Amino acid sequence: GGFDRAGEDVVIGFVDSGIYPEHPSFSTHRTDPYGPVPRYKGKCEIDPVTQRSFCNGKIVGAQHFAKAAIAAGAFNPDVEFASPLDGDGHGSHIAAIAAGNNGIPVRMHGYEFGKASGMAPRARIAVYKVLYRLFGGYVSDVVAAIDQAVQDGVDILNLSVGPNSPPTATRTTFLNPFDAALLSAVKAGVFVAQAAGNGGPFPKTLVSFSPWITTVAAGVDDRRYKNHLILGNGKRIAGLGVSPATHGNKSFGLISATDALLGSSSTKYSALDCQRPELLNKRKVQGKILLCGYSFNYISGTASIKKVSQTARSLGAAGFVVAVEDSYPGTKFDPVPVNIPGILITDVSKTKDLIDYYNSSTTRDWAGRATAFQATVGIADGLAPTLFNSAPQVALFSSRGPDVKDFSFQDADVLKPDILAPGNLIWSAWAPNGTDEANYAGEGFAMMSGTSMAAPHIAGIAALIKQKYPKWSPSAIKSALMTTANTIDKGSHPLRAQQYSTSEMLTLTRATPFDYGSGAVNPKAALDAGLVLDATHQDYITFLCSIPDVDPSEVSNITGSRCSPSQKRQGPYDLNIPSITVSQLKGTQTVKRTVTNVADEAETYTIMTRMSPEIALDVSPPALTVLPGSSREITVTLTTRTVTGTYSFGEITMKGDRRHLVRIPVVAMGFK
């Protein structure tokens, strides 16, 4: 429907840290007027400070949930807002990714980085605040918010939030309070997108477990921000810095913060991280480039690149360099937009080159005090991104499968994550009073990374599918997204995943379904999927009852449905989802899948298979014709050929004679 109609009348609920309603991404000033959405019945709280409603036609509901937090004594009304107002930043960022207005200029420090748009810019936003500045959130507040959102009538639910670890209160991960509440949401017809978690690149780190949820992994897209430093000796040193170049593209003298300390401050503070301008000698720093160290304070959040830029600016410096001298395994270095020339050198060996050059160019007296500074450096322009063909990639931090069925981390017969969406260096709206990220304090936009940012891409794209097919079930929408996903990158190579090498350096390895599920989302193809694999609430109950060692009373207590003997005879892999996972393939296993034609004409599909040689994969029939609106069954046979103790990967591809291509990933581990 074009950006002025995309997502019309679809309501997306956000269970997050609230919203900053004044942001241009949520404004109604420059849009066609929004009419009422009669089926949505959510409340709009009033801001206790301004006495204005949080709703404006685009935002249709805004509520906050903190009963559990208050009961636990964690809620401090002097720090937290007892309203849907976003005191963090995260909630506004997420809402704008899914449903923010189209064509919003992303301006920071006088520079425009581009124009922002949500995936479904005309969709409505319903806010359910459960996350707070000091303590995060409480599970019972999250569950209360999910239940309320479903009762209010949201179409799509986005959860960029998950439990800290697999829950121990229930034996089965699929029945934890999050997943159980979301099962009820899906039963009510609500599509659910949830972040996979940021525990990657290690296996079994997911915080989203169940087949009724669409679990979203984070991809690195083709846009990267790179910058470099030019030393007086001609060497170029690569680094990160979304900053302007040094004035006139010239070089300036370099001074280390240690050499610019005032008097005796060195004994009291570490001025190396350049967080406190009052400790440094302005006369020495003025007109030079300030060299700062990268300390643990940056990792703990008490130091920030933004603060370095403020320090350098207040001292009249020509720019700054922050250099990482010690490696901090697992640290994620993101480029930060700053308003003066600045760069972060993350490679420890490059830092050594820089410091060696500085030391050899600096004259010192008998006491080691610097008396003359001859080192010069220039910082290049880092404001424009570089575009790469090796995209998307699975982000290092994105949680990986396999999925687990219980707290002892036994492998589940369910593929997770489900799909990959952009989640690295995502520009979106920010709350100016947001405290989640010190580098964006007081800003209107932020560039953030996490599976939190990937999930709302899927929520927004799901809203577009819901708009086109209002009667579709959540599982049909999920199927359309998954079966049309890409496993090839922009450069026509198989998708790759960021990983650690043995020396903890970043490397790229060929990605598997445990990294990306069915692949990278392809919205255009998802809107014209051809076939879908649908599942009902009863199918999900059968799935729960078929899990080996499941406690039937746990299933009936939580879902209100009893397990029958026939359900126990099935396997969890029999659930009609667009992936097949058999975690213990003993000999031969037969699995069935039912496909339904959602196109408006009959189509004949040829079925092909591809599988690692350790497992034989057969599908019958080899071809089938499906009439519009009707369904056909395929029988899939998996047989162990050789036992390797590792998973084997493959896929079933159904190629239509009109235009459709449907892919189903297959994952199995063979046992004798």
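These numbers come from a predicted model, not from an experiment.
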Task: Val154, Val37, Asp155 screened by side chain to side chain contact (heavy atoms under 4.5 Å, CB included) with Val10, the one that passes - done: Asp155

Task: Passing candidate, side chain to side chain contact (heavy atoms under 4.5 Å, CB included) with Met448, options Ile94, Asp334, Asn424, Asp436 - done: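 With Met448 as partner, side chain to side chain contact (heavy atoms under 4.5 Å, CB included) holds for just one option, Asp436.
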
Using atom types as modelled and distance alone, determine if a side-chain donor or acceptor of [X] lies under 3.5 Å from a backbone N or O of [Y].
{"X": "Asn486", "Y": "Ile488", "answer": "no"}
{"X": "Ser243", "Y": "Gly342", "answer": "yes"}
{"X": "Ser210", "Y": "Ile213", "answer": "no"}
{"X": "Thr214", "Y": "Ala193", "answer": "no"}
{"X": "His93", "Y": "Ala446", "answer": "yes"}
{"X": "Trp430", "Y": "Gly442", "answer": "no"}

Shortest non-hydrogen contact from [X] to [Y]?
{"X": "Pro84", "Y": "Gln63", "result": "CG-N, 3.7 Å"}
{"X": "Ala429", "Y": "Ala96", "result": "CB-CB, 3.7 Å"}
{"X": "Leu464", "Y": "Leu527", "result": "O-CD2, 3.7 Å"}
{"X": "Ala476", "Y": "Asp534", "result": "N-OD1, 3.7 Å"}
{"X": "Ala535", "Y": "Asn576", "result": "CB-O, 4.0 Å"}
{"X": "Pro474", "Y": "Gly189", "result": "CG-C, 3.6 Å"}

Pair [X]-[Y], side-chain donor/acceptor within less than 3.5 Å:
{"X": "Asp539", "Y": "Thr536", "answer": "yes"}
{"X": "His90", "Y": "Ser160", "answer": "no"}
{"X": "Asn198", "Y": "Thr451", "answer": "yes"}
{"X": "Thr386", "Y": "Lys226", "answer": "no"}
{"X": "Tyr128", "Y": "Asp152", "answer": "yes"}

Hey, do the aromatic rings of [X] and [Y] have their centres closer than 6.0 Å?
{"X": "Phe174", "Y": "Phe543", "answer": "yes"}
{"X": "Phe113", "Y": "Trp427", "answer": "yes"}
{"X": "His23", "Y": "Phe445", "answer": "yes"}

TODO: Assess Arg124 against Tyr40: is NZ or CZ under 6.0 Å from the centre of the six-membered ring, and within 45 degrees of the ring's axis?
DONE: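 Judged by the rule (NZ or CZ under 6.0 Å from the ring centre, within 45° of its axis), Arg124 is not positioned above Tyr40.
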
Task: Geometric cation-pi criterion, Arg122 with Tyr34: 6.0 Å, 45° - done: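 Here Arg122 passes the 6.0 Å and 45° test against Tyr34.
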
Can you confirm whether [X] sits close enough to [Y] that some side-chain heavy atom of one is under 4.5 Å from a side-chain heavy atom of the other?
{"X": "Asn101", "Y": "Thr28", "answer": "no"}
{"X": "Gln148", "Y": "Ile146", "answer": "no"}
{"X": "Asn176", "Y": "Asp179", "answer": "yes"}
{"X": "Val242", "Y": "Val338", "answer": "no"}
{"X": "Val598", "Y": "Leu531", "answer": "no"}

Open item on the list: Working note: Trp212 + Val192, criterion side chain to side chain contact (heavy atoms under 4.5 Å, CB included); need CA distance, chi angles, decisive distance, verdict.
Closed with: CA-CA 8 Å; Trp212 45 88; Val192 180; over 6 Å; no

Does [X] have more than 12 heavy atoms from other residues, nucleotides or ligands lying within 6.0 Å of its [atom1]?
{"X": "Arg52", "atom1": "CZ", "result": "no"}
{"X": "Lys490", "atom1": "NZ", "result": "yes"}
{"X": "Lys468", "atom1": "NZ", "result": "yes"}
{"X": "Arg30", "atom1": "CZ", "result": "no"}

Open item on the list: Using 0.5 Å steps for rounding, measure from the CG atom of Leu206 to the OG1 atom of Thr173.
Closed with: 10.0 Å

Task: Residue pairs passing the disulfide (SG to SG under 2.5 Å) test where at least one lies in residues 32-150, sequence neighbours excluded - done: Cys44-Cys55

Task: Side-chain ion pair, Lys129 and Asp86, N-O less than 4.0 Å - done: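 Salt bridge absent between Lys129 and Asp86.
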
Task: Salt bridge present between Lys67 and Asp141 (N-O < 4.0 angstrom) - done: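 Here Lys67 does not pair with Asp141 in a salt bridge, since their nearest N and O are not under 4.0 Å apart.
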
- [ ] Could you give me the CA-CA distance, side-chain angles and deciding distance for Val521 and Leu481, then say whether side chain to side chain contact (heavy atoms under 4.5 Å, CB included) is met?
- [x] CA-CA 6 Å; Val521 64; Leu481 288 162; 3.9 Å; yes

TODO: Given side chain to side chain contact (heavy atoms under 4.5 Å, CB included), test Ile664 with Leu533 step by step and report yes or no.
DONE: CA-CA 10 Å; Ile664 300 172; Leu533 291 85; 4.2 Å; yes

TODO: Under the salt bridge (Lys or Arg N to Asp or Glu O under 4.0 Å) rule, what do Arg133 and Glu80 come out as? Steps first, then yes or no, please.
DONE: CA-CA 6 Å; Arg133 286 170 164 171; Glu80 311 291 0; 5.3 Å; no

Task: Stepwise salt bridge (Lys or Arg N to Asp or Glu O under 4.0 Å) check, Glu443 with Lys306 - done: CA-CA 11 Å; Glu443 304 294 352; Lys306 184 187 179 97; 2.7 Å; yes

Open item on the list: Under the criterion side chain to side chain contact (heavy atoms under 4.5 Å, CB included), I'd like the reasoning laid out for Phe397 against Ser449: C-alpha separation, chi angles, the key distance, then a yes or no.
Closed with: CA-CA 9 Å; Phe397 57 80; Ser449 299; 4.1 Å; yes

